[in-house]
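Below you'll find the structure, written out as structure tokens, and then a few comments.
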Amino acid sequence: MAELTLLEAINDCFHVELGRDPNVMILGEDVGRAGGVFRATAGLRDRFGPDRCFDTPLAEAGIMGAAVGLCMAGWRPVCEMQYDAFSYPSLDQLITHVGRYHWRTGGKMRFPITVRMPYGGGVRAPELHDDSPEAYYVHTPGVKVAIPSTPGDAKGLLAAAIRSDDPVVLFEPKLHYRTMRGEVPEGEHVVELGKARLAREGTDVSLVAYGSMVPLCEQVADELDGECSCEVLDVRTLKPLDEDALLATAAKTGRVVVVQEAPRTAGYGAELAAVLAEKAMLDLRGPVLRVTGYDVPYPYWQIEDAYMPSTQRVANAVRKLLEY
Amino acid sequence: FGDGATSEGAFHEGANFAAVMQAPLILFCNNNQWAISTPITAQTRAEALVDKAVGYGIPGIRVDGGDVLAVYEATREAVGRARTGGGPTMVEAVTYRAAPHATADDPSAYIDLERVEEEKRNECVGRYARYLVRLGVLSDSQAEEIKAEAQETMRRGIAEAEAEPPADVSLVFEHAHVEPLPSFEDDLEELRGG
């Protein structure tokens, strides 16, 4: 077992998966010669050759569209979108083709595409380098979505995505790329899609989150220790959602706070709240509260801390629910 | 793809990608000079769509889309190039749309109907048949036989498709995923009236 950063875990996964299956290949901007702007694909072009890890023109729709064609030729492409918001030009290809081609061909063709991108803010970056676009992807039929919060899960979920015959989109919390270290199993390591992770056990309030919001919730749990016992559920796969895990934590504590970095309206938190309202109504003592980003473009770095959900805002929500 | 499609960003990105990757691709543009009600002159300032090929660094061929043998030759050149590692070719086959875009379209609102009638005479199947008859390779009766056979095939195909039983509602969920979402089971049960 090694201790790796989130980024190192992703790179490790690639070495294992490209070594294991000759049909797995990576395409994206700067992924080959430079090993990726975050070095996530470092060493792969040298080890496996330019056909297995190649640099595309600056064209996200082209990357996504080319992946569809590559699948038809028997490849298992992993597309890197250099940053979250850079993926927007590829959304048409995702919605129109990636998500529906298997259906369109009556199941005759498969599209084992993995799309991965660094997402989220808190890194003092300019605009369009800090978005949380997961809702657009979750809402696309035919597409599955997962978001790791630990290095081990970054490797495991990426492996699961690559091995899945369905299109899977992964969002990697760039805030923790280099700052979070964790135990990462060596060699083949797969974390099954559709399974949440109980990051912390508790009895009074459930904090439900994903990505960089999970460590934030763990911090809140620490800070409130003594005042109340917080359970932290790491959703991990947004679609398909591990409903059993979500309903179990709601039944246990009766109080749920959902934390998401993305803007509030129609974010993934709303989906979680709806599922809880539908299926856990009688278990809940109080409303499902959401702590989210605001319905604004992600602000410039000098005030981004005001936008990001903070431990204070989450703790406020917890205390409000404790009144029920 | 048609003339209108060349304005889409995806066309540009795909062509550029294919050129950079030297993909064995033929970019075949059926330029019938109309995108519903938009004439080619409102689609591009380029004199010919095939001019775009220069921008991607690939060869382009412009051909009379109503001439079966000319199109065959142009395609053969492109296929040969692709098969021998020469990369993509853009083929622009120029025709003229002689029917409405779709059943809900009424071209009389925007098209010169006299021009349409004129262009109908260039229609490729009739043109090719007349050529073959002139050559003595095809007789009038053979031409009639081929036409009747084609229509019969079409009618039979339609009848077969219409005779198929109505689809089961499970088709709504089938093939949405290779590994279905857990929610599909409940959804299907609900749909069946459970």
Side-chain angles (χ1 to χ4, degrees), chain A residues 27 50-51 54-71 73 89-90 92-93 96-97 99-113 138 140-144 160 163-168 192-195 237 239-244 275 278-279, chain B residues 1-2 4-28 52-58 82-83 85 87-88 90 160-161 164-191:
Chain A
L27 66 159
D51 279 354
F54 70 83
D55 296 321
T56 65
L58 209 167
E60 285 74 15
I63 293 168
M64 196 74 89
V68 174
L70 284 163
C71 287
S90 75
D92 168 52
Q93 292 294 312
T96 315
H97 301 299
R100 65 183 75 200
Y101 230 125
H102 181 66
W103 169 87
R104 182 183 285 147
T105 61
K108 288 191 180 66
M109 289 184 177
R110 294 189 171 196
F111 296 85
I113 297 171
V138 171
T140 302
V143 171
K144 297 184 173 173
R163 297 176 190 209
S164 168
D165 279 357
D166 282 314
V168 182
E192 198 189 333
L193 293 171
K195 288 275 173 285
T237 301
K239 192 168 88 176
L241 170 67
D242 184 351
E243 257 188 36
D244 289 343
V275 172
E278 220 178 285
K279 302 185 177 181
Chain B
F1 54 88
T6 62
S7 295
E8 288 279 1
F11 165 77
H12 165 69
E13 292 195 28
N16 190 47
F17 249 82
V20 166
M21 304 299 174
Q22 284 283 86
L25 179 72
I26 300 168
L27 290 154
F28 197 102
K52 293 170 189 262
V54 176
Y56 303 115
I58 63 177
R83 286 200 172 127
M90 182 171 173
E160 273 172 26
E164 280 192 9
D168 182 64
V169 291
S170 63
L171 197 63
V172 169
F173 304 99
E174 220 175 304
H175 307 313
H177 284 280
V178 172
E179 203 187 308
L181 299 181
S183 53
F184 286 173
E185 237 179 271
D186 288 342
D187 289 338
L188 182 56
E189 213 187 290
E190 184 191 42
L191 208 52

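So that the names make sense, note that chain A is the first sequence line, chain B the second, and so on, each numbered from 1. Every value quoted in this text rests on a predicted model; they were computed, and no experiment measured them.
Atom CD1 of residue A:I63 and atom CG of residue A:L70 lie 11.5 Å apart, to the nearest 0.5 angstrom. Between the CG atom in B:L27 and the NZ atom in B:K52 there is a gap of 12.0 Å [rounded to 0.5 Å].
Of all heavy-atom pairs between B:P88 and B:A18, the closest is CG-O, 3.5 Å. Residues A:L27 and A:A66 approach most closely at CD1-CB, 4.3 Å, considering heavy atoms. The shortest heavy-atom contact between B:L181 and A:P240 is CD2-CB, 3.9 Å.
Residues that satisfy the ring-ring contact (aromatic ring centres under 6.0 Å, His included) test with B:F28, not counting sequence neighbours, are absent from this structure.
When the candidates A:G65, A:G62, A:A61 are compared by the number of heavy-atom contacts under 4.5 Å with chain B, A:G62 comes out ahead.
Only the side chain of A:F54 comes within contact range of chain B, with heavy atoms under 4.5 Å apart.
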Between chain A and chain B, which donor-acceptor atom pairs come closer than 3.5 Å, counting both backbone and side-chain atoms?
residue : atom : partner : partner atom : Å
B:E13   : OE1  : A:A61   : N            : 3.2
B:E13   : OE1  : A:G62   : N            : 2.6
B:H175  : O    : A:W103  : N            : 3.3
B:H175  : NE2  : A:G106  : O            : 3.0
B:V178  : N    : A:D166  : OD1          : 2.6
B:V178  : N    : A:D166  : OD2          : 3.4
B:E179  : N    : A:D166  : OD2          : 3.0
B:E179  : O    : A:K144  : NZ           : 2.8

